[in-house]
Amino acid sequence: MAALGIAMGGGNWFSALALGVTLLKCLLIPTYHSTDFEVHRNWLAITHSLPVSQWYYEATSEWTLDYPPFFAWFEYALSHVAKYFDQEMLNVRNLNYSSSRTLLFQRFSVIFTDALFVYAVHECCKCIDGKKAGKELTEKPKFILSVLLLWNFGLLIVDHIHFQYNGFLFGLMLLSIARLFQKRHMEGAFLFAVLLHFKHIYLYVAPAYGVYLLRSYCFTANKPDGSIRWNSFSFVRVISLGLIVFLVSALSLGPFLALNQLPQVLSRLFPFKRGLCHAYWAPNFWALYNALDKVLSIIGLELKLLDPNKIPKASMTSGLVQQFQHTVLPSVTPLATLICTLIAILKRKTSF
Amino acid sequence: MEKWHLMTIVVLIGLTVRWTVSLNSYSGAGKPPMFGDYEAQRHWQEITFNLPIKQWYFNSSDNNLQYWGLDYPPLTAYHSLLCAYVAKFINPDWIALHTSRGYESQAHKLFMRTTVLIADLLIYIPAVVLYCCCLKEISTKKKVANALCILLYPGLILIDYGHFHLGFALWGVLGVSCDWDLLGSLAFCLAINYKQMELYHSLPFFCFLLGKCFKKGLKGKGFVLLIKLACTVVASFILCWLPFCTEREQTLQVLRRLFPVDRGLFEDKVANIWCSFSIFLKIKEILPHHFQIIISFCFTFLSLLPACVKLTLQPSSKGFRFTLVSCALSFFLFSFQVHEKSILLVSLPVCLVLSEIPFMSTWFLLVSTFSMLPLLLKDELLMPLVVTTIAFFIACATSFSIFEKTSEEELQLKSFSLSVRKYLPCFTFLSRIIQYLFLISVITMVLLTLITVTLDPPQKLPDLFSVLVCFVSCLHFLFFLVYFNIIIMWDSKSGRNQKKIN
């Protein structure tokens with residue numbers, strides 16, 4: 001009994017936080033779920049029932065596979081567990097199938113894969129030096145970081161209510177960051193490369209990774225005042241990093257290259273036909289741009305500067321995903337957005 | 001209190017758990033023609049809104065008492081009326097006379113759950129927080145942990161049909177323990193007028209207040225206090241029953257609805273003595289009806305008499321709370337027409353003594369949740385049951401380090417075992433025995449839960465699993481009855497004198 005007491009007590013707050021949030025996630029099982037639930041059910045069906053050559057061509061459902069191949073393989077692995085819960089969910093034709101067992105399986109798969117996130121948070125906490133903090137538990141940086149990450153309500157709502165798999169993806173990213181902090185650069189680079197092939201949206205942070213690895217890993221030594229020692233550049237390290245990225249990409253895209261499906265895969269991954277803004281506007285610069293365009297077009301109509309017949313009604317605010325033209329301001333092409341992003345990143349980097 | 005932010009977090013956690021559990025199915029969902037308790041609550045709103053007060057408790061063409069007739073005291077009816085006014089404002093279809101029977105929709109479920117949550121938030125949760133803040137001799141962190149454990153108790157979360165009566169009873173306990181006797185007794189009268197099962201707690205209140213009056217001296221302050229209390233009780237009862245006091249027939253009919261003595265000794269499967277005994281001997285069929293009432297009356301009063309007498313002679317706050325437990329438990333085990341949910345009336349006082357005997361209280365609260373297993377499975381609450389039980393157990397185990405507190409002194413059995421050792425010098429294994437019993441008990445409960453969930457009962461004995469659950473729970477409750485009575489009777493003056501000497 002005393003041994004059980006030690007196991008239970010022990011002041012292991014990290015386990016308590018992890019267990020507590022896992023129990024909360026179990027309670028969130030019967031909550032509302034969005035169309036993303038059907039998206040993932042569809043991908044389970046596609047990867048289970050169809051051969052690899054069909055994965056990026058299948059279009060019975062409107063929710064086509066638009067994540068990189070590693071995620072498809074992940075869904076394939078999950079589908080082998082899914083068949084013990086409810087075989088019907090793996091039928092591609094069963095659109096919007098959501099029996100209680102399907103729901104249970106899907107929710108549990110998210111909760112279970114969050115284990116990687118918990119491990120990654122644990123690793124990140126190890127990298128923090130908390131010696132300067134006070135004795136109070138709630139003042140320790142490790143505790144604060146763990147609470148902010150494990151009990152992150154945005155993640156809880158998106159992953160366990162709306163339904164997505166961001167938990168373990170963020171776990172991969174946090175783990176690669178932790179490895180970089182622990183000076184294990186090769187592992188960090190490897191983990192990030194793998195992450196990119198799970199969800200390519202992490203390309204957003206790829207430039208930061210690239211520059212950091214270049215500066216801290218490829219240049220092996222600093223001058224006494226901390227600035228770059230240009231002649232300490234190590235070609236071996238650059239090549240090994242490149243090799244890691246190349247090998248991971250080969251593993252991921254290789255099969256599709258062999259099947260001559262690379263253009264199709266890329267068109268699924270980067271769907272520029274969807275237009276500048278999503279159905280629900282993200283709070284970014286282009287939303288302001290669209291709003292300004294809308295305001296100007298209304299003013300123009302009032303002042304009779306614009307012809308009402310040439311303007312489509314409710315073009316951008318109808319909540320649909322589509323391409324459209326701006327009415328007053330110049331239309332924005334994908335190339336233009338890329339150039340704007342690069343300029344913004346470079347400005348930050350040069351101001352170091 | 002310095003740690004207000006911690007207490008706020010605890011309350012928010014309690015609310016979050018309650019709200020997420022309420023997202024599950026409710027009792028009687030989609031099961032015509034009778035549905036369940038949820039439909040009963042909706043029906044009472046319909047009746048109280050559409051019919052005049054005189055007809056609420058009477059059988060008529062508009063008010064069919066067989067279909068969830070009102071069988072709680074007037075305050076429940078007034079509360080239903082209030083909810084009905086809100087319902088009328090949102091959607092009159094919910095309470096339309098006759099046509100709204102069996103009404104089920106997402107919006108209505110949201111409305112009903114919200115009324116329950118607001119009731120909890122206004123009455124029950126503040127009482128718990130205030131109670132934990134008023135606990136003496138423990139650190140602030142322990143007070144917050146105590147509040148967390150009480151708010152995480154699975155029984156009250158899973159059975160969520162508004163615990164106004166428990167909330168008022170808790171205010172009553174708080175008032176009476178802190179020497180605000182009039183307010184405390186007023187709160188408790190309101191509790192009784194909300195649900196008549198609160199009478200389970202009435203004897204300890206009576207004995208404690210009577211004991212206080214005696215202590216203050218019946219010729220002086222004590223007498224004044226007695227008169228004041230009597231007036232408060234009578235006034236609150238008259239106030240609640242005012243519309244029903246005008247005619248004798250009204251009052252009698254209400255009483256008939258509240259105390260249905262025409263029903264049998266027990267209904268369905270409940271973890272009390274009579275149901276367990278009837279496994280071996282079918283009492284219901286052998287003994288005549290009035291005899292059943294008499295023996296249940298006798299057993300109940302015999303079992304709670306010692307504790308109540310002691311409380312009257314030596315009123316103390318600690319004795320009061322323990323007597324609440326043992327009285328309610330006696331009523332639960334031996335009384336007439338006991339429902340499974342009545343165990344909550346015992347669980348509430350046990351929550352109040354959580355800080356004094358954490359190990360046994362946690363054990364009791366786990367058993368009480370387990371005893372409601374058949375009911376919860378019927379309402380499809382298996383997942384919330386498992387999650388909340390694990391959360392509660394972990395919270396108690398870590399907050400109070402219960403596994404390190406199983407010595408005789410911690411279990412408050414020291415004086416008892418000292419007395420026993422005068423006759424049996426080898427009686428030193430008490431805490432060992434209790435630890436082993438706990439282990440066996442937990443294993444049995446887990447096994448029975450697994451069996452009930454996964455297997456089907458044999459054809460000849462369709463109720464086998466629920467009967468087993470009730471029987472096992474009943475044995476546990478008998479053990480706890482003996483234990484709590486031992487604590488009360490052996491809580492001697494010598495223990496208190498020792499503290500004064502030190």
Side-chain angles (χ1 to χ4, degrees), chain A residues 1-33 84-85 99-101 103-108 110-112 134-140 143-144 146-148 150-153 156-157 159-163, chain B residues 2-3 5-6 9 12-13 16-26 106 109-110 141 144-145 148 152 154 157-158 358-359 362 380-407 431-439 442:
Chain A
M1 198 58 89
L4 195 59
I6 293 168
M8 292 248 100
N12 199 346
W13 49 266
F14 189 82
S15 312
L17 282 176
L19 188 62
V21 82
T22 309
L23 290 173
L24 182 63
K25 288 172 192 172
C26 290
L27 283 178
L28 289 174
I29 287 179
T31 51
Y32 156 83
H33 56 80
Y84 295 111
F85 277 77
S99 69
S100 56
R101 285 182 158 218
L103 186 74
L104 205 65
F105 168 72
Q106 297 262 59
R107 292 282 195 209
F108 269 130
V110 183
I111 296 174
F112 189 69
K135 283 209 151 183
E136 186 62 49
L137 179 66
T138 50
E139 285 171 24
K140 286 196 188 151
F143 180 79
I144 297 173
S146 302
V147 170
L148 287 175
L150 287 174
W151 283 74
N152 186 322
F153 269 83
L156 273 175
I157 290 178
D159 263 18
H160 300 276
I161 298 182
H162 183 89
F163 197 84
Chain B
E2 325 84 78
K3 303 259 189 235
H5 59 278
L6 283 178
I9 292 177
L12 288 172
I13 290 178
T16 310
V17 174
R18 277 165 171 71
W19 190 252
T20 47
V21 169
S22 75
L23 291 169
N24 286 283
S25 166
Y26 47 80
Q106 262 311 92
K109 184 178 170 190
L110 189 63
K141 270 199 167 169
V144 174
L148 181 67
L152 278 182
I157 299 176
L158 297 166
F359 178 67
T362 312
E380 291 164 36
L381 290 171
L382 178 63
M383 173 67 77
L385 170 68
V386 170
V387 171
T388 45
T389 309
I390 294 176
F392 173 73
F393 183 61
I394 303 273
C396 288
T398 45
S399 313
F400 298 107
S401 318
I402 55 176
F403 294 115
E404 289 153 26
K405 291 194 179 164
T406 51
S407 69
S431 55
R432 265 292 168 78
I433 295 175
I434 290 185
Q435 287 173 12
Y436 283 131
L437 282 176
F438 176 74
L439 221 56
V442 168

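Proteins come first, then strands; the chains are lettered A, B, ... in the order of their sequence lines, and each starts at number 1. Small disclaimer: the values here were computed from a predicted structure and weren't measured.
With a 4.5 angstrom heavy-atom cutoff, B:T16 touches chain A only via side-chain atoms.
With A:C26 as reference, B:V387 is the one residue of B:I390, B:V387, B:T388 to meet the side-chain contact (heavy atoms from CB on, under 4.5 Å) rule.
In this structure, B:T20 and A:L27 approach most closely via the heavy-atom pair OG1-CD1, 3.5 Å.
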